[in-house]
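Computed from heavy atoms alone, side chains included, the values below leave out hydrogens, waters and symmetry copies. Throughout, numbering of the chain's residues begins at 1 and tracks the sequence.
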Amino acid sequence: MLRAVRTILIILLNVIFYGLVLFGCVQIAHSGYSFTYDVLGETMAELPPGKDQSFTLESGKTDYEVAAALAERNLVKDQYTFYLRMKLEEGRDKAPRPGIYTLNPSMTYEEILSEIFK
């Protein structure tokens with residue numbers, strides 16, 4: 001009797017353990033997919049129509065500082081994904097051009113990059 005209870009308990013613990021491992025793997029895959037889609041996809045901070053905002057880009061700012069400033073103003077969904085997209089698109093120019101831009105949270109990363117690098 002004790003041996004049967006022990007065997008059932010071991011099987012039950014194995015099922016719980018492997019279920020948790022599977023759940024963790026699915027969550028990691030989902031997070032990786034979402035992050036990758038945000039970097040490479042048509043990502044925007046909010047659905048259209050958004051409200052136009054004036055954004056001042058000062059000279060001497062690094063790419064990361066630009067991404068952080070855009071995220072702080074809620075013009076991009078996430079500063080890290082925008083920064084990575086900016087680095088992938090580095091063939092445009094070496095640095096964003098200083099100036100005052102009218103940006104909208106419903107603009108995609110591609111549209112924002114086109115605006116600040118033109």
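To the nearest 0.5 Å, atoms CD (Glu58) and CD (Glu65) are separated by 9.5 Å. Remark: Gln53 CD to Thr102 OG1 distance equals 10.0 Å, nearest 0.5 Å. Separation of atoms NZ (Lys61) and CG (Asp63) is listed at 12.0 Å; rounding is to 0.5 Å. The distance from the CG atom of Leu57 to the CD atom of Glu115 is 11.5 Å, given to the nearest 0.5 Å. Separating the CG atom in Leu103 from the CD1 atom in Ile116 is a distance of 7.5 Å, to the nearest 0.5 Å. The CZ atom of Arg6 sits 13.0 Å away from atom CD1 of Ile8, with the distance rounded to the nearest 0.5 Å.
For the side chain to side chain contact (heavy atoms under 4.5 Å, CB included) test, residues two or more places apart in sequence or in another chain that qualify with Thr7 are Arg3, Ile11. With sequence neighbours excluded, the residues that form a side chain to side chain contact (heavy atoms under 4.5 Å, CB included) with Leu13 are Leu9. Partners of Thr81 by side-chain hydrogen bond (donor to acceptor under 3.5 Å, both in side chains), not counting sequence neighbours, listed by chain and number: Tyr109. Not a single side chain to side chain contact (heavy atoms under 4.5 Å, CB included) links Pro49 to another residue, sequence neighbours left out. Residues forming a ring pair (Phe, Tyr, Trp, His ring centres under 6.0 Å) with Tyr64 (at least two apart in sequence, or on another chain): Tyr83. Contacts of Phe55 classified as ring pair (Phe, Tyr, Trp, His ring centres under 6.0 Å), with partners at least two apart in sequence or in another chain: none.
Sequence neighbours left out, the pairs with a member in residues 74-83 that pass salt bridge (Lys or Arg N to Asp or Glu O under 4.0 Å) are Asp38-Lys77. For the salt bridge (Lys or Arg N to Asp or Glu O under 4.0 Å) condition, no pair includes a residue of residues 14-31, sequence neighbours left out. Residue pairs meeting the ring pair (Phe, Tyr, Trp, His ring centres under 6.0 Å) criterion with at least one member in residues 6-45: none, sequence neighbours excluded. Applying the salt bridge (Lys or Arg N to Asp or Glu O under 4.0 Å) rule to pairs touching residues 8-29 yields nothing, sequence neighbours excluded.
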**Residues Leu88, Leu40; criterion side chain to side chain contact (heavy atoms under 4.5 Å, CB included); working and verdict** = CA-CA 9 Å; Leu88 288 172; Leu40 302 175; 3.7 Å; yes
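For the pair Arg73 (side chain) and Ser54 (backbone), a donor-acceptor distance under 3.5 Å is present. Judged by distance alone, with hydrogens and angles left aside, the side-chain atoms of Arg97 form no donor-acceptor pair with the main-chain N or O of Ser59 at under 3.5 Å.
Residues Met44 and Glu111 form no side-chain contact, since every pair of their non-hydrogen atoms from C-beta on lies 4.5 Å or further apart. Residues Val66 and Met86 form a side-chain contact, since some pair of their non-hydrogen atoms from C-beta on lies under 4.5 Å apart. Side-chain contact between Thr43 and Thr108 is absent, with no heavy-atom pair separated by less than 4.5 Å. When side chains are defined from C-beta on, Leu113 counts as touching Arg85, because their heavy atoms get closer than 4.5 Å. The closest side-chain heavy-atom distance from Val39 to Phe82 is not below 4.5 Å.
Grouped with Ile100 in a hydrophobic cluster is no other residue, since no side-chain heavy-atom contact under 4.5 Å to another Ile, Leu, Val, Met, Phe, Trp or Tyr is found. Apart from Ile16 itself, the hydrophobic cluster it occupies contains Leu12, Leu20, where clustering links Ile, Leu, Val, Met, Phe, Trp and Tyr at side-chain heavy-atom distances under 4.5 Å.
A continuous path of hydrophobic side-chain contacts links Leu75 to Met107 [ILVMFWY only; heavy atoms under 4.5 Å].
Between Asn74 and Ala45, the shortest heavy-atom distance links the atoms O-CB, 3.5 Å.
Counting heavy atoms of neighbouring residues, nucleotides and ligands inside a 6.0 Å radius, atom CD of Gln27 exceeds 12 of them.
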